[in-house]
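Chain naming here is simple, since letters A, B, ... match the order of the sequence lines and numbering starts at 1 in each. Reckoned from all heavy atoms, side chains included, excluding hydrogens, waters and symmetry mates.
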Amino acid sequence: MARKRLNSTFFNRKTLIVAEELLGKYLVRKSGDQILSEMITETEAYTGGHDLASHSSKGRTKRTEVMFGKAGTIYVYFVYGMYYMLNIVTEETGYPSAVLIRGTQNFKGPGILTRSLNIDATLNNKPLGKQSGLWIEDRGKIILKSKIKKAPRVGVSYAGPIWANKKYRFLLKELH
DNA sequence: ACGATGATGAAC
DNA sequence: TTCATCATCGTA
């Protein structure tokens, strides 16, 4: 089957489009001599500085700086004293948006996912690719719109009702 | 329903 | 420098 590594062109588009199209793509992690690939089944879009659920709504800080970077850059942050969250920066450089990878076929939940794939803050601000040992492949799998469920993002009530209720979370209804 | 566990950012 | 909060998860 055809197998194409997604580059910055894929990620340099509207965040909602990228988040939806990442469903069915394969997250590939190469660390040491082992390589794992997992089909992405759940994502969330954080659409820019105006999005009150996005870290970037705080403006440029040490933590959010990476979100202003080039599309396809890895944004990993540490939360709840235990878990790393994996995001991919989207849209034009200078526009602070990203997609959170929330789950794959075998790993449910963003914290479990990163733990299982050995993803931590050392990957932060690095580009997806062979160099970093983390990239995403299109393996030609077709995802029908009818198989995609849209829902509010998880754990963002602090953003207020307008932003917390937006259906910026994308899930595959059936896994196979 | 809640505790583990530490970085973050806002307030002081 | 303190303090509440947090893009979570397992146990209850």
Original post:
With rounding to whole Å, what would you report as the distance between B:dT5 and C:dT2 at their P atoms?
Top reply: 22 Å
Original post:
How would you list all residue pairs meeting salt bridge (Lys or Arg N to Asp or Glu O under 4.0 Å) that involve residues 37-47 of chain A, not counting sequence neighbours?
Top reply: A:E42-A:R102, A:E42-A:R169, A:E44-A:R102
Original post:
Does A:R153 make a cation-pi contact with A:Y46, if we ask for NZ or CZ under 6.0 Å from the ring centre and within 45° of the axis?
Top reply: yes
**OP:** Check every nucleotide of DNA chain B for an atom under 4.0 Å from a heavy-atom of chain A, then give the first and the last such nucleotide from 5' to 3'.
**Re:** B:dA4 to B:dA10
Subject >> Test applied, side-chain contact (heavy atoms from CB on, under 4.5 Å); reference residue, A:S37; option that passes from A:K30, A:R3, A:R139 >> reply: A:R139
Original post:
Can you list the residues that meet the side chain to side chain contact (heavy atoms under 4.5 Å, CB included) rule with A:Y77, with sequence neighbours excluded?
Top reply: A:H55, A:R63, A:Y75, A:V79, A:M85, A:N87
Original post:
Nucleotide by nucleotide, 5' to 3', does protein get under 4.0 Å of the base (B), only the sugar-phosphate (S), or neither (-) in nucleotides 3-12 of chain C, counting heavy atoms?
Top reply: ---BBBSS--
Tabulate below the donor-acceptor pairs under 3.5 Å that side-chain atoms of residues 4-11 of chain A make, not counting sequence neighbours, or state none.
residue	atom	partner	partner atom	Å
A:N7	OD1	A:T9	N	3.0
A:N7	OD1	A:T9	OG1	3.4

Original post:
So which of A:V89, A:L86, A:I119 actually passes side-chain contact (heavy atoms from CB on, under 4.5 Å) with A:I74?
Top reply: A:L86
**OP:** Could you check whether the rings of A:Y95 and A:H50 sit parallel, tilted or perpendicular, using 30° and 60° as the cut-offs?
**Re:** tilted
Original post:
So do the side chains of A:I101 and A:L113 get within less than 4.5 Å of each other, counting heavy atoms only?
Top reply: yes
**OP:** Ignoring hydrogens and angles, tell me if any N or O in the side chain of A:S54 forms a donor-acceptor pair with the backbone of A:T47 under 3.5 Å.
**Re:** no
Original post:
What heavy-atom pair brings A:N165 and A:P152 nearest, and what distance separates the two atoms?
Top reply: O-CG, 4.1 Å
Original post:
Starting at the 5' end of DNA chain B, what dot-bracket string do you get if Watson-Crick and G-U pairs under 3.5 Å are bracketed, crossing pairs use [ ], other-strand pairs use | and unpaired bases use dots?
Top reply: ||||.||||||.
